[in-house]
There are 2 protein chains.
Amino acid sequence: MSDGLSEKQRDILRFLEQFIAEHDYPPSIRDIQQGCSISSTSVVDYNLKRLEEKGLIRRDREVSRAIELLNRQGERRRRTVQVPLLGPIAAGIPIPTHPDSVAPLDIIELTEEQVRGKANLFALRVQGTSMIDALINDGDIVILEPRQTADPGEVVAAWIVDRGETTLKKYYPEGRKVRLQPMNSTMGPIMEDASNVQVQGRLVATIRSF
Amino acid sequence: MSDGLSEKQRDILRFLEQFIAEHDYPPSIRDIQQGCSISSTSVVDYNLKRLEEKGLIRRDREVSRAIELLNRQGERRRRTVQVPLLGPIAAGIPIPTHPDSVAPLDIIELTEEQVRGKANLFALRVQGTSMIDALINDGDIVILEPRQTADPGEVVAAWIVDRGETTLKKYYPEGRKVRLQPMNSTMGPIMEDASNVQVQGRLVATIRSF
DNA sequence: CTACTGTATATATATACAGTAG
DNA sequence: CTACTGTATATATATACAGTAG
């Protein structure tokens, strides 16, 4: 094989993946020995050293089960980040200023790659089809970053004060008015006084099941 | 607090989260003792038993570091799934029939929640702005499920045989022709003979950095 | 050198146990 | 009962070491 790994080393990697997926903690050297039918713990240790040299795993000395799988670039694999699902959007629920202060309805898991260092993200479940042209359908989940302001054309969750309602729309400030534009060719824009519209967050990602 | 946990138990949970995020393997009871400034390993064991009773963690007996964090529903937390990034779309690269057979340019990590049991997913990097109305911009990554057919209106990656090109468009079969509709109001549709269009996959998710 | 066998061993680690305090 | 203290201990575990084979 072209990856420079022996059959045994690839077998150990496979076992590591599988064991961790199953138990959520790494195997001991004896677990690996038995799982891969290896004659001696020395052989496991020997091959783990080779895998570490090749940048495929990371180990801590004299610590039990201290084996971490690395990705193909020799970097730590990303874990998931938990984002609270706060409620439906386009319903009469204001988004709290401090998302941590309310009990979320559910927890959405994203990879760090998707989050890219953004903090305090929160999730909402979309109601209605006003964003269908953006492939955001009824029941989909949108991930938002808390923001009090937005640039023209950004997709925001906006709190319409006198309606007591949060809605997901494209944001266009126009003088003293704000135009909230649906992304659905069958729907017209909502025009509101700027003082009646509070931007709550900016769209960062969507999760869909097409 | 209303979650029925003592200060110490919440402290242990926080430490578990942090330790696992940092090391990618769970702490030993002694690690927890020191990390949370607890007087004795017995106290750690005692509180871990309480956390296990409350369905917040899972332990394996007589196994070192055998602590798994569960989510708030007492379920196992999902790990990430690796999806190969095969190349750019709207460039002259056919998507191989068996994604596993080519070396991916990169690996995209998704949560199992996003994958929902779909198999053999692959990722492509979008070139151009033909899907901008769907909030899919130049440089974004799209996740596709291998498919040879599609329903009208679905977003597909289509291989246009005589152009030697893969493109991401909405799919509308029209008799012996296929209309490939960009989602960009400034662009017109592409009309091709049905025999000249091969559906390669169906859009499942997008990853964006707004 | 690489890739093992087979055994030994120090220690890392979970856990038991006898109390104590409210 | 709950929530600890403080100590002891069996064993789970990583690792060292002396060889062997190509």
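Values reported hereafter were calculated over all heavy atoms of this structure, with side chains retained and with hydrogens, waters and symmetry mates removed. On a predicted model such as this, the values are computed, not experimentally measured, just so you know. By convention in this document, chain letters (A, B, ...) are assigned in the order of the sequence lines, proteins followed by strands, and residues within each chain are numbered from 1.
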Any-strand Watson-Crick or G-U partner of C:dA18, both distances under 3.5 Å: D:dT5
Identity of whatever pairs with D:dT13 - Watson-Crick or G-U, under 3.5 angstrom: C:dA10
Taking every non-hydrogen atom, the tightest pair across A:Ile38 and A:Lys8: CD1-CG, 4.0 Å
Minimum heavy-atom distance between B:Asp138 and B:Val126, given as atom pair plus value: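 It is OD1-O, 3.6 Å.
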B:Arg125 side chain to B:Gly139 backbone, donor-acceptor under 3.5 Å: yes
Donor-acceptor contact present, side-chain B:Asn71 to main-chain B:Gly74, <3.5 Å: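 Confirmed, B:Asn71 side chain pairs with B:Gly74 backbone.
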B:Lys8 vs A:Asp45, nearer the 5' end of DNA chain D by closest nucleotide: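 Whichever sits nearer the 5' end wins; that is B:Lys8.
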Residue met sooner reading DNA chain D from 5', once B:Asn47 and A:Arg65 are mapped to nucleotides: B:Asn47
5'-most by nearest nucleotide on DNA chain C - B:Ser42 or A:Ile38: A:Ile38
Closest to the B:Val43 side chain, choosing from D:dA12, D:dC4, D:dT13: D:dC4
Rounded to whole Å, please give me the gap between [atom1] in [X] and [atom2] in [N].
| X | N | atom1 | atom2 | value |
| --- | --- | --- | --- | --- |
| B:Arg61 | D:dA10 | CZ | C1' | 13 Å |
| A:Glu7 | C:dA3 | CD | P | 13 Å |
| A:Glu62 | C:dT9 | CD | P | 17 Å |
| A:Tyr46 | D:dC17 | OH | P | 18 Å |
| B:Leu48 | C:dA14 | CG | P | 9 Å |
| B:Arg59 | C:dT13 | CZ | P | 14 Å |
| B:Ile29 | D:dT13 | CD1 | P | 13 Å |
| B:Lys49 | D:dA3 | NZ | P | 14 Å |

Using only side-chain N and O atoms of [X], determine if any of them is under 4.0 Å from OP1 or OP2 of [N].
| X | N | result |
| --- | --- | --- |
| B:Ser40 | D:dG6 | no |
| A:Ser64 | C:dT13 | yes |
| A:Arg30 | D:dA12 | no |

Touch class at under 4.0 angstrom, heavy-atom based, for A:Ser6 against every strand present: nothing
Sugar-phosphate, base or nothing in reach of A:Ser28, heavy atoms under 4.0 Å: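 Since only primed, P, OP1 and OP2 atoms lie under 4.0 Å of A:Ser28, the category is sugar-phosphate.
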Salt bridge (charged side-chain N to carboxylate O under 4.0 Å, His left out) between B:Glu145 and B:Lys118, intermediate numbers included: CA-CA 7 Å; B:Glu145 181 183 22; B:Lys118 295 191 185 75; 5.3 Å; no
D:dT13 base / A:Thr41 side chain donor-acceptor hit below 3.5 Å: no
